[in-house]
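Here the structure is laid out as structure tokens; the discussion comes afterwards.
In this text the structure is predicted, and so the values were computed from the model without any measurement. Every chain is numbered from 1, with letters handed out A, B, ... down the list of sequences.
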Amino acid sequence: MSIAVRQVTKRFANGFVAVDNVSLAIASGSLTALLGPSGSGKSTLLRVIAGLETPDEGDVSILGEDVTGVPPQKRGVGFVFQHYAAFKHLTVRDNIAFGLVIRKRPKAEVRARVDELLGLVQLDGFADRYPAQLSGGQRQRMALARALAVEPKVLLLDEPFGALDARVRKELRAWLRRLHDQVHVTTVLVTHDQEEAMDVADRVTVMNDGRIEQSGKPRDLYEHPANEFVMSFVGPVNRLGEAWIRPHDLELRLEPNGTTSEAMVERIVHLGFEVRVELVLDDGRLVSAQVTRSEVEELELLEGQILYVRPSRTTVFSGTAMPQGRP
Amino acid sequence: MPARAGRSRRAGGLVLGLSTAYLTLIVLIPIAAVVASSFEGGLSAFWDEVTSPSAVAALELTFVASLLVVLVNAVTGTLIAWVLVRDDFRGKSVVNAIIDLPFALPTVVAGLTLLAVYGPKSPLGVDVAYSRAAIVVALLFVTLPFVVRAVQPVLLELDREMEEAAASLGSRPVTTFRRIILPNLLPAILSGAALSFGKAVGEFGSVVLISGNIPFDTEVASVHIFKSIEGDNPAGAAAVSVVLLVLSFAVLAVADVLERRSRRHDA
């Protein structure tokens, strides 16, 4: 295990328990996402791992070494912040070189290493610019190169794409994934965006109210959520009584067949290849179905039309027990 | 649209005209008058006044004392601002309010107070009255707020994550202060220092009581000017005034250049 967190609790001065008795193990070379809503404790947990926060209870070890009492500058972690934390009085080159310069590495070595990193983060022509002259995405890539320069044992990313617009986010996400496959440094990424977590991470840990709800591969979380929170957080979901139904597990038919319920098409939202059909059931409840464009054309769907729907797969949670999938 | 643009341009012109007229009346004309009267007797008379031994001594004392005060202020002012922004302690808001006291207090009252505390009847047993040290103490008192008030807002706005990033990169707190925090505070320190220099060079009220005004020893330039007027030598007073004026202006200009250079990265 590259990072081991054991029974960590962090309370803030106002009494708020940000992290509540959390244990977590992160495998070497993996890219793990800590996913959760704001206030779920995911950023605090990351800062505890980095040494930027001191836990009230529990301990943290990195590569088998207990670092609970070790200050951040001696932990060998690379940390990337949501708002870049660029050294704004230094050029891109000097930002990236910072960790090497304070270690008094030879000038030629620093220069070569920075050049290599500039290439890695695709900022070759930008060495002499100041952070204020870069776009958000470029600044974040600079921050990543700065963190990688000192060859950290683990790389911690705190909502790294949170301040960027949607298109740049997606690009950087794909780029980060490729970078991780190249560099192989154990990486923990904090995000509130389930799509981002599912997209880049090998493993996802879902947090809520300072606790871990579930850890697993993205697909496992989606298909076998441990509880209602995970079910609703990792993707859109309809709830009908005790049953939880993903929008793509709702079948639309023109004729009733005994197991279907009547519904009226309220709105048809075209999202490219996918189409979201918002429906009102005969008892007034709202559900949404996810279908493909060709299905919409086949059914000749129109707003205001009466349809018959049937869930093809439902999930029912009984207390805290494992979910039961019904085909 | 063109009509509105025209009107706003006319309004802008009016504001610019009014400000220029005001500045001319309040600042430029008096300065021009001083410069003119200093040259009434011609260039050589001006030179004679400025290079008279007592004038040189007064100017030298003023310049050296002000420089010393500025250096002390740059350090202590930054320190006080740091404590006020980064530390939490009881009575912080009181301390914060006290910083402005030297601005609010009439300077002659400040002089009187300093004389009572650091004079011959000092309750602390510290008597620096009528010495050069007294001048420095008085100038430190009246210039205290400049650097503090210049640095404080910049420090408040400083991105704390820069320090955390530096720490995670292996930087010890001292290194972080020297390499990350200080360069970001430098423009503010410089502008506060320049303003306190300007104030120190021309200070009269707080110095006149405690310095003793001994020619060639503790007589500062402003007191020298005052004495020249009293001794019916307005040309001499004006000449020394012009030197002070040039000195202050030069310091402001240099500080401005330095400040711009250290700000060049804030595109």
Side-chain angles (χ1 to χ4, degrees), chain A residues 13 43 46-47 49-53 70-92 94-105 128-134 142-159 163, chain B residues 74 78 81-82 85-90 92-93 147 150-193 255-267:
Chain A
S43 282
L46 195 74
R47 292 172 59 84
I49 296 171
L52 298 173
E53 303 282 354
V70 176
Q73 51 264 41
K74 288 183 182 153
R75 288 203 184 187
V77 300
F79 202 98
V80 171
F81 298 81
Q82 179 175 0
H83 298 289
Y84 327 121
F87 302 144
K88 60 189 172 79
H89 61 294
L90 299 178
T91 59
V92 170
D94 292 342
N95 261 277
I96 298 174
F98 184 83
L100 301 170
V101 170
I102 60 170
R103 281 174 177 73
K104 305 212 162 54
R105 297 276 178 79
D128 298 321
R129 297 224 190 159
Y130 286 96
Q133 299 164 314
L134 300 181
M142 177 192 84
L144 208 57
R146 182 176 70 183
L148 288 172
V150 294
E151 291 174 346
K153 295 174 203 155
V154 298
L155 185 61
L156 308 174
L157 314 173
D158 189 3
E159 298 266 11
Chain B
T78 306
W82 181 272
V85 172
R86 291 293 175 94
D87 288 346
D88 252 324
F89 54 90
R90 284 168 66 104
K92 181 164 147 176
S93 57
V147 174
V151 171
Q152 216 175 355
V154 179
L155 200 51
L156 266 173
E157 289 296 308
L158 199 68
D159 181 7
R160 294 292 289 269
E161 287 184 348
M162 280 201 295
E163 293 160 53
E164 293 184 336
S168 76
L169 290 168
S171 177
R172 288 174 301 121
V174 177
T175 312
T176 303
F177 182 82
R178 193 165 56 83
R179 286 184 178 268
I180 304 297
I181 299 170
L182 202 56
N184 281 291
L185 297 184
L186 205 60
I189 296 174
L190 282 172
S191 83
D256 191 57
V257 169
L258 290 176
E259 208 188 311
R260 264 169 216 270
R261 276 189 49 175
S262 54
R263 260 193 224 284
R264 68 196 182 282
H265 42 76
D266 304 347

Any chance you could lay out the side chain to side chain contact (heavy atoms under 4.5 Å, CB included) test for F87(A) and D159(B), step after step, and finish with the verdict? CA-CA 9 Å; F87(A) 302 144; D159(B) 181 7; over 6 Å; no
Counting only heavy atoms not in R86(B), do more than 12 sit closer than 6.0 Å to its CZ atom? yes
Does R260(B), at its CZ atom, have more than 12 non-hydrogen atoms belonging to other residues, nucleotides or ligands within less than 6.0 Å? no
Minimum heavy-atom separation for L169(B) and I102(A), please, with both atom names. O-CD1, 3.7 Å
Minimum heavy-atom separation for E161(B) and A85(A), please, with both atom names. O-CB, 3.5 Å
Would you check, one step at a time, whether the test side chain to side chain contact (heavy atoms under 4.5 Å, CB included) holds for E164(B) with F79(A)? CA-CA 9 Å; E164(B) 293 184 336; F79(A) 202 98; over 6 Å; no
Could you state the interatomic distance from [atom1] ([X]) to [atom2] ([Y]), rounded to the nearest 0.5 Å?
X: I180(B); Y: L90(A); atom1: CD1; atom2: CG; value: 5.5 Å
X: Q73(A); Y: S171(B); atom1: CD; atom2: OG; value: 7.5 Å
X: F98(A); Y: M162(B); atom1: CZ; atom2: CE; value: 10.5 Å

Greatest number of non-hydrogen atom pairs under 4.5 angstrom with chain B, of R75(A), R47(A), K74(A), H83(A), falls to R47(A)
Which answer fits T175(B), side chain, backbone, both or neither, if we ask what part of it has an atom under 4.5 Å from a heavy atom of chain A? side chain
So for R179(B), is it side chain, backbone, both, or neither that comes closer than 4.5 Å to the heavy atoms of chain A? both
Segment of A86(A) engaging chain B (4.5 angstrom heavy-atom cut-off): backbone
Less than 4.5 Å to any heavy atom of chain B: does that hold for the side chain of R146(A), its backbone, both, or neither? both
